[in-house]
Structures are given as C-alpha cells and as structure tokens.
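Just so it is clear, the model here is predicted, and its values are computed rather than measured.
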Amino acid sequence: MSSLISSWVSQNFNINSIQSQKLLKLLEDDANTIPFLCRYRKEIHGGLSGEDLRKIKKEVKRRLELQNKIEMFWSRIQKENPTQATQFFYKMMSACENLSDLETLVEPYLPS
C-alpha cells in the first residue's frame with residue numbers, strides 16, 4: 001500500500017504512521033469487516049469509530065483506483081507520445097486528486 005495513503009490516514013485521523021500502516025494492511029483483507037475491526041482491533045487503529053473506518057476504506061479504494069489510472073495513462077503516454085513522458089509530467093499526474101483532473105491533464109497527450 002502506498003506510503004502517501006498511509007500518510008493521509010495518519011494526518012486526517014490522528015493516528016501514528018505505524019498504526020496507519022497496520023490498519024491499511026488489515027483493510028486489504030476483505031475478511032476483516034468494519035464491525036470486526038471496531039470490536040477486536042482497537043489497539044491497531046486507536047479506537048477509531050466505524051464511520052471513520054468506512055471513510056478510510058472508501059478513500060483508500062478511491063486512491064488506489066486513481067493510482068491504477070495514473071499507471072495506465074502513463075504507460076500509454078510512454079508508448080504513444082514518448083517525448084512528453086517526463087518525470088515532471090508523471091509527478092503532475094500523481095498530484096491529481098481525482099479522476100476528472102487526471103483525465104483533463106492527459107487528454108491532450110493521448111490520441112483521440
């Protein structure tokens with residue numbers, strides 16, 4: 001799981017980075033339901049509410065989907081428009097917070 005996602009969880013839910021990393025590892029396993037985590041894994045997430053855990057799970061899913069899109073667009077740009085495939089452009093793509101911003105950014109660099 002990305003360290004950026006772990007940092008986001010730590011900052012927004014006031015838990016330390018180790019707790020954040022452990023929580024994200026637990027959330028990867030679908031067998032760990034939110035009620036299970038609330039009842040039996042409080043020591044890992046610092047007693048976050050079920051609602052907070054749902055928010056984290058939803059945001060992690062959104063960010064992972066966005067990261068997958070970034071990687072897909074990046075490989076297409078490298079293949080179809082290699083002169084634009086710079087590290088700076090990749091960083092710009094990675095800075096996008098949502099899919100619509102990402103699509104707006106890459107649209108001019110991909111063939112129709």
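Between D101 and E97, the shortest heavy-atom contact is OD2-N, 4.5 Å. Considering every non-hydrogen atom in both C96 and L66, the closest pair reads O-CD2, 3.3 Å. Between Y109 and N81, the closest heavy-atom pair is O-ND2, 3.4 Å. Scanning both residues, Q19 and E43, for their nearest heavy atoms gives NE2-O, 3.7 Å. M93 approaches I70 most closely through the heavy-atom pair CE-O, 3.2 Å. Listed here is the closest heavy atom pair of C38 and S49: SG-C, 4.1 Å.
Panel note: side chain S20, backbone S6; a donor-acceptor pair is recorded below 3.5 Å. Panel note: side chain N32, backbone L27; no donor-acceptor pair is recorded below 3.5 Å. R62 places no side-chain N or O within donor-acceptor distance of the main-chain N or O of K58, the cut-off being under 3.5 Å.
The line from CD1 of I77 to CE of M72 is 9.5 Å long, rounded to the nearest 0.5 Å. Rounded to the nearest 0.5 Å, atoms NZ (K61) and CD1 (I5) are 13.5 Å apart. Atoms CG and NZ, from L23 and K57 in turn, are 10.5 Å apart once rounded to the nearest 0.5 Å. With values rounded to the nearest 0.5 angstrom, L26 atom CG is found 8.0 Å from F36 atom CZ.
Judged purely by distance below 3.5 Å, without hydrogens or angles, the side chains of Q78 and Y90 never pair a donor atom with an acceptor atom.
With a 4.5 Å cut-off on side-chain heavy atoms, F73 and E103 count as touching. Put simply, the side chain of L37 does not reach to within 4.5 Å of the side chain of I44, judged on heavy atoms.
Ion pairing of E28 with K25 is absent here, as no side-chain N (NZ or NE/NH1/NH2) approaches a carboxylate O to less than 4.0 Å. R63 and E59 are joined by a salt bridge, as a carboxylate oxygen and a charged side-chain nitrogen come within less than 4.0 angstrom of each other.
Heavy atoms from other residues, nucleotides or ligands lying under 6.0 Å from CD1 of I18 number 12 at most. Atom CD of E107 has 12 or fewer neighbouring heavy atoms from other residues, nucleotides or ligands inside a 6.0 Å radius. For N14, the CG atom sits in a loose shell: 12 or fewer heavy atoms of surrounding residues, nucleotides or ligands are nearer than 6.0 Å.
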N12/I56 under side chain to side chain contact (heavy atoms under 4.5 Å, CB included): CA gap, chis, key distance, verdict: CA-CA 9 Å; N12 287 288; I56 291 169; over 6 Å; no
Tell me, with the steps shown, if L105 and F89 meet side chain to side chain contact (heavy atoms under 4.5 Å, CB included). CA-CA 9 Å; L105 177 67; F89 191 70; 4.1 Å; yes
Show your working on side chain to side chain contact (heavy atoms under 4.5 Å, CB included) between L64 and V60 and close with a plain yes or no. CA-CA 6 Å; L64 288 174; V60 166; 3.9 Å; yes
